Amino acid sequence: MAFFRSVAALSKLRSRLAQQSTTLGSVRWLQVQSSSDLDLRSQLQDLIPEQQERLKKLKSEHGKVQLGNITVDMVIGGMRGMIGLLWETSLLDADEGIRFRGLSIPECQKLLPSAVKGGEPLPEGLLWLLLTGKVPSEEQTDALSKELRSRSKVPDHVFKAINALPVAAHPMTQFATGVMALQVESEFQKAYDKGMPKAKFWEPTYEDCMNLVARLPVVASYVYRRIYKDGKVIPADDSLDYGANFSHMLGFDDPKMQELMRLYVTIHSDHEGGNVSAHTGHLVASALSDPYLSFAAALNGLAGPLHGLANQEVLLWIKSVVEECGENITTNQLKDYVWKTLNSGKVVPGFGHGVLRKTDPRYTCQREFALKHLPDDPLFQLVSKLYEVVPPILTELGKVKNPWPNVDAHSGVLLNHFGLTEARYFTVLFGVSRSIGIGSQLVWDRALGLPLERPKSVTMDWLENYCKNVA
Ligand SMILES: CC(C)(COP(=O)(O)OP(=O)(O)OC[C@H]1O[C@@H](n2cnc3c(N)ncnc32)[C@H](O)[C@@H]1OP(=O)(O)O)[C@@H](O)C(=O)NCCC(=O)NCCS
């Protein structure tokens, strides 16, 4: 009996090792699991103790290792390049771009389950990957899809809270209001009030995050239909996956739009921890504010034009180019328009980045989507022309560290092509997607018992005196 047990254990280990990728960084097993592994929460339950041990060991063995010097530039320059956060779900390389748990975007497109053979990844698969560090099987992805549907009921008071705002209120204001109204149902807050011990915090956090991810498309599409479609709400279609159903509730049933939504939600989900929305969510949650409070704060950061609102700004800007110069704009006319924008003191939206120093792979995969599905779209052609025209101009300015396009330079023209033309709404889509990354990390924040965030600030006086003393 013992022999059979050890043979079984050995063959399990061998098949796991065979599935292990050498190139996938923190993704440890590319497993195909049996039906008993369909429950994401129980998978997490198994994973957490080993990760807690890992962190404990890191702290005790390497706690005093230096990670670099802090300079005055960093302190007054928005903490660029200063390592200061633990963020497990993704890591950003300045040249290569984002990796989700070790996987690049092309690897996610290849490895994560899709609805269409060879098509875009299902966001549910990415959620599984971000939470567990493992690539899910199709069955696991499907089970998670079902679980999200079962959690998607939004209480009536949320719609009433949104309705209390003028229809003309910015879609992000209406969306964040909806998230705050969802907070009333926070499991974390209820458990905390009852005195739940710290070791169990991750459990109600998981419930809140999964409910949040599940409910956001309903709230977001309500906001869209309220503002732009006379309030005619489209009910969910329970036969559809997360991305397709979101597209459906917005009013778009074209299979290509469904594919776009799956890609959109996947690539906007996470961009390591230091960006404004992710960092805000993490910071607020570090005070043990529940996931709804934390995510609503994150959304308010996302609503800034230098961050998530840039996708709105890009399409409005591109449309203003067309309005002024027509669709068949020449390269010289386009150059003039870019200079006009810069000379008026504005940034060229969709270009530049706080960390990236090359073209954003999130831009590249959207470009590939456009080449495949809408190569003749005139606004896509204009976006392609901007790719040639803008980087040399920004380089000529001499101060821009990254002249290349980012994710927001492309997303608007794709949505616009399939009929989602209302640019002011775009950041809401970004927000729905961000819940997947921020929510996954919040679960790990609680599982790892990460502390209150409290960096030290100093005054100019302090800096001047300090520099005098070290000179
Ligand atoms: C993303 C962004 C905020 C990063 O800011 P950053 O890390 O401070 O970028 P840099 O270090 O390259 O900035 C240095 C200078 O170049 C300017 N710059 C950077 N990107 C620029 C752009 N796209 N157009 C014009 N000027 C730009 C900055 O405003 C700054 O000018 P200043 O010194 O006069 O204030 C910036 O590139 C930007 O404003 N881009 C346009 C908005 C956008 O697309 N945001 C979405 C990002 S995903």
Side-chain angles (χ1 to χ4, degrees), residues 71-84 90 92-98 105 172 264 267-280 298-321 334-367 383 386-415 423-424 426-431 433-434 437-438:
T71 62
V72 174
D73 270 348
M74 286 168 163
V75 172
I76 59 186
M79 297 193 277
R80 294 289 184 291
M82 195 190 281
I83 298 174
S90 66
L92 181 59
D93 179 86
D95 295 326
E96 192 195 43
I98 193 67
I105 288 175
M172 280 300 274
Y264 187 103
I267 63 174
H268 286 79
S269 59
D270 206 26
H271 217 224
E272 75 172 26
N275 66 78
V276 171
S277 53
H279 186 191
T280 305
L299 281 180
N300 291 328
L302 194 71
L306 296 187
H307 188 25
L309 204 78
N311 57 8
Q312 156 184 320
E313 300 296 277
V314 169
L315 193 70
L316 293 178
W317 186 79
I318 286 178
K319 286 192 169 169
S320 73
V321 174
L334 197 51
K335 280 183 186 164
D336 289 346
Y337 200 89
V338 172
W339 276 115
K340 195 172 111 178
T341 302
L342 291 169
N343 292 336
S344 71
K346 292 183 187 149
V347 295
V348 181
F351 286 78
H353 199 269
V355 177
L356 283 167
R357 293 296 174 256
K358 293 267 168 68
T359 298
D360 190 341
R362 299 173 299 173
Y363 174 93
T364 310
C365 71
Q366 292 183 87
R367 177 170 169 76
V383 164
L386 285 167
Y387 196 8
E388 291 164 27
V389 165
V390 175
I393 296 180
L394 291 183
T395 305
E396 200 180 320
L397 272 187
K399 62 177 181 178
V400 181
K401 293 196 190 68
N402 175 36
W404 302 106
N406 59 54
V407 64
D408 300 314
H410 216 308
S411 53
V413 297
L414 300 181
L415 297 163
R424 269 165 47 95
F426 290 170
T427 314
V428 174
L429 302 174
F430 196 156
S433 169
R434 258 302 134 99
I438 295 177

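This one's a predicted model, so the numbers in the text were calculated from it and none came from an experiment. As the structure lists them, so they are numbered: ligands from 1, and atoms in each ligand from 1.
The proximity of Leu342 to ligand 1, defined as any non-hydrogen pair under 4.0 Å, is limited to the side chain. Within the 4.0 Å heavy-atom criterion, the part of Asn406 lying near ligand 1 is the side chain and not the backbone. Both the backbone and the side chain of Val400 come within 4.0 Å of ligand 1, counting heavy atoms alone.
Each of the atoms 46 (C), 48 (S) of ligand 1 lies under 4.0 Å from some heavy atom of Asp408. Atoms of ligand 1 found under 4.0 Å from any heavy atom of Gly350 (numbered from 1 in listed order, with element): 43 (C), 44 (O). Close contacts of ligand 1 with Leu306, meaning ligand atoms under 4.0 Å from a residue heavy atom, involve 3 (C), 39 (O), 45 (N), 46 (C), 47 (C). Atom numbering of ligand 1 starts at 1 in the shown order; those under 4.0 Å from a heavy atom of Ala310 are 43 (C), 44 (O), 45 (N), 46 (C).
Using a 4.5 Å heavy-atom cutoff, the side chains of Leu386 and Trp317 are in contact. Side-chain contact between Val348 and Trp339 is absent, with no heavy-atom pair separated by less than 4.5 Å.
Within the 4.0 Å heavy-atom shell around ligand 1 one finds Leu394. Within the structure, ligand 1 lacks Glu313 among the residues with a heavy atom less than 4.0 angstrom away.
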What's the verdict on ring pair (Phe, Tyr, Trp, His ring centres under 6.0 Å) for His307 and His279, showing C-alpha distance, side-chain angles and the deciding distance? CA-CA 12 Å; His307 188 25; His279 186 191; over 10 Å; no
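Few gaps surround CE on Met74; more than 12 heavy atoms of other groups in view lie less than 6.0 Å from it. Summarising the local packing, CH2 of Trp404 is surrounded by 12 or fewer heavy atoms from other residues, nucleotides or ligands at distances under 6.0 Å. Open room surrounds NZ on Lys335; 12 or fewer heavy atoms of other groups in view lie less than 6.0 Å from it.
Remark: minimum distance from atom 24 (N) of ligand 1 to any protein heavy atom is reached at Val348 N, 2.9 Å. From the protein, the heavy atom lying nearest to atom 9 (O) of ligand 1 is His353 O, 4.4 Å. Closest protein heavy atom to atom 26 (N) of ligand 1: Val347 CG1, 3.9 Å. Of the protein's non-hydrogen atoms, Lys399 O, 3.3 Å is the one closest to atom 14 (C) of ligand 1. At the top of the distance list for atom 8 (O) of ligand 1, counting protein heavy atoms only, stands Arg80 NH2, 3.3 Å.
Between the side chain of Glu272 and the backbone N or O of Ile98, no donor-acceptor pair lies under 3.5 Å. With hydrogens and angles disregarded, no donor-acceptor distance shorter than 3.5 Å links the side chain of Asp360 to the backbone of Pro405. Without hydrogens or angle criteria, Thr341 side chain to Tyr337 main chain gives a donor-acceptor distance under 3.5 Å.
Put simply, atom 41 (C) of ligand 1 has protein non-hydrogen atoms near it, under 4.0 Å away. Distance screen at 4.0 Å: atom 48 (S) of ligand 1 has a protein heavy-atom neighbour inside the cut-off. Taking a distance limit of 4.0 Å, we find that atom 19 (C) of ligand 1 is approached by some protein heavy atom.
A distance of 11.0 Å separates OG1 in Thr359 from NE2 in His410, rounded to the nearest 0.5 Å. One distance of note links CZ of Phe430 with CG of Asn311; it measures 7.0 Å at 0.5 Å rounding.
A side chain to side chain contact (heavy atoms under 4.5 Å, CB included) with Leu342 is found for one member of Val400, Val347, Leu394, Val390 and no other, namely Leu394.
Looking at Lys346, Arg362, His307, Lys401, it is Lys401 that brings a heavy atom closest to atom 11 (O) of ligand 1. Looking at Phe430, Trp404, Phe351, Tyr363, it is Phe351 that brings a heavy atom closest to atom 36 (C) of ligand 1.
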